[in-house]
J.: 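Before I ask anything, here is the structure I am working with.
Counting begins at 1 with the first residue of the sequence. The basis for the numbers below is simple: all heavy atoms, side chains too, and nothing from hydrogens, waters or symmetry mates. Both counts, for ligands and for their atoms, begin at 1 and track the order of listing. Being a predicted model, the structure only gives us computed values, none of them experimental.
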Amino acid sequence: MVPVLTRRSAMAGALAALLAPGSRQAAANAPPALRDLAAAKGILYGSCVQEAELAAEDDFTALVLRECAAIVPENEMKWQWMSHRPDEEDFSVPDRIVDFATRYRLALRGHNLLWYWRTPDWFKALPRGQSAESAMVRRVTEMCRRYRGRVFCWDVVNEPIDVETGRADALRKTVFLDEIGPDYLDLAHRAAREADPAASLVVNEYGIVYDTPAAEQKRTAVLRLLERMKRNATPVDALGVQAHLDIGGDPFSPPKFRRFLADVAALGLDIQITELDATDERAPAEIAARDGLVADAYARFLDAALDEPALGVVVTWGLSDRHSWIVRHECNAQGWRKDGLPSRPLPFDAALARKRAWTALAAAFRAAPPRPPGKWAAPALALHHARR
Ligand code: XIL
């Protein structure tokens, strides 16, 4: 168990220190927080976090509370980590993150209900048909019911598309497709809507940012999927664009990406940037040059993305280089630096100093056209307030 009172008082202490009279002058001179710059344009900004990072009650936790209006559990809500036996789920760790978010009035993105890569072994061993379908629906229903009113959106099926399969619908060949059939996605979305009618339901996908034939094909496949879902009256509210950027890799075409977002918005859908970061394995070792390239990638990407008014949520996949799947070498090995130097993918460095990527994010929020007031940031938080 995380010692809730200790954590609460430690955080209260950290925040009180920020606001203490002696530090008022310093606070007045301090740069604004990303959450406030984003909120000034009606955008919700946040980061993924791990429960263990928050439980450490250290300077990183204080930084999360300073900079973020939303958090996303990096791994803790993934089915495989919650369930080791048929139809049994351990909610204790996700509960602690949700409690943290509620206590500090942070919006919480639910990530994720179903992901082929993090599915329990027992589910994979089920026979095709009814039992698999009811196990999937049970998982979706239990999660959405339990966190109703405290999770403002759900990535229902993570990464559903794979253009390599040659299937006309471009659905990824996953255990869900095998065991339940191509309707699995619609079934999951319907179950989620029924269990929590107020949560936004998101299709979250990667590999749809760059200007390559493969990414272009995948963008088209994603659009077709969203169109099909709309036609079938399958509840869907937003596209999540993961945005794991890659410095010095594939080219980026702002107009093509911009057009894609406009096409998604024309379907009546919102758009969220759900996992922004940047691998720097091809960038030079020298830190100033490297940080400059990472910041440029953030800037070029965000300038194109934030131009689309249907895009109201921006989440970085981590806040500081102290905690990142890229630095931990959990991302694809192509993203690892060959010289063994730690990567620098995020807005703050490992010592929690602002980097040029932070400045790029701040500038992008400042330049963004305003969204309808309260459409994203306020409703997401209002859900929490209502529960308090
Ligand atoms: C990653 C986590 O960051 C890692 O800690 C874990 O080892 C693997 O998963 N797309 C997603 C995220 O939707 O859930 C993934 O997160 C990164 C890629």
J.: Should R328 and E74 count as an ion pair when the cut-off is N to O under 4.0 Å?
T.: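 Yes.
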J.: So which protein heavy atom does atom 6 (C) of ligand 1 come closest to, and at what separation?
T.: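 Of the protein heavy atoms, N75 OD1, 3.4 Å lies nearest.
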J.: At under 4.0 Å between heavy atoms, is it the side chain or the backbone of Y206 that contacts ligand 1, or both, or neither?
T.: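 Answer for Y206: neither.
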J.: For the side chain of E205 and the backbone of I161, is there at least one donor-acceptor N/O pair under 3.5 Å apart?
T.: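 The answer is yes, because a donor-acceptor pair under 3.5 Å joins these two groups.
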J.: Run the numbers for me: atoms of ligand 1, each under 4.0 Å from some heavy atom of N158, listed by number.
T.: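 Matching atoms, with element in brackets: 11 (C), 13 (O).
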J.: Can you pull out every ring pair (Phe, Tyr, Trp, His ring centres under 6.0 Å) where at least one residue sits in residues 34-55? Sequence neighbours excluded, please.
T.: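 Qualifying pairs: Y45-F365.
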J.: Do D277 and W325 get their side chains close enough for a donor-acceptor pair, meaning under 3.5 Å?
T.: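 Judged by distance alone, the side chains do pair up.
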J.: When you measure from atom 9 (O) of ligand 1 to each heavy atom in E330, K78, E74, M77, which option holds the nearest one?
T.: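 Heavy atom nearest to atom 9 (O) of ligand 1 belongs to K78.
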J.: Taking all non-hydrogen atoms of both residues, which atom of R35 and which atom of C68 are closest, and how far apart?
T.: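 In this case the closest contact between R35 and C68 is NH1-O, 2.9 Å.
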J.: Numbering the atoms of ligand 1 from 1, which are under 4.0 Å from a heavy atom of R328?
T.: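 Selected atoms, number and element: 5 (O).
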J.: How close does the nearest protein non-hydrogen atom get to atom 8 (C) of ligand 1, and which residue and atom is it?
T.: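 The protein heavy atom lying closest is W117 CZ3, 3.8 Å.
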J.: Can you tell which part of D155 has a heavy atom less than 4.0 Å from ligand 1: side chain, backbone, both or neither?
T.: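 None of D155 does.
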J.: Check each atom of ligand 1 against the heavy atoms of H244 and keep those under 4.0 Å away; list them by number with element.
T.: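 Taking each heavy atom of H244 in turn, ligand 1 has 18 (C) under 4.0 Å.
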J.: What about W122 and W79, are their ring centers closer than 6.0 Å?
T.: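 Yes; W79 has its ring centre under 6.0 Å from that of W122.
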J.: Do ligand 1 and W325 have nitrogen or oxygen atoms that lie under 3.5 Å from each other?
T.: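 For ligand 1, there is no N or O atom that lies under 3.5 Å from one belonging to W325.
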J.: Any side-chain donor-acceptor pair under 3.5 Å between W376 and Q272?
T.: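 No, no side-chain donor-acceptor pair sits under 3.5 Å.
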J.: Nearest non-hydrogen contact with atom 14 (O) of ligand 1 belongs to which option: H111, E275, Q242, H329?
T.: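 It is H111 whose heavy atom sits nearest to atom 14 (O) of ligand 1.
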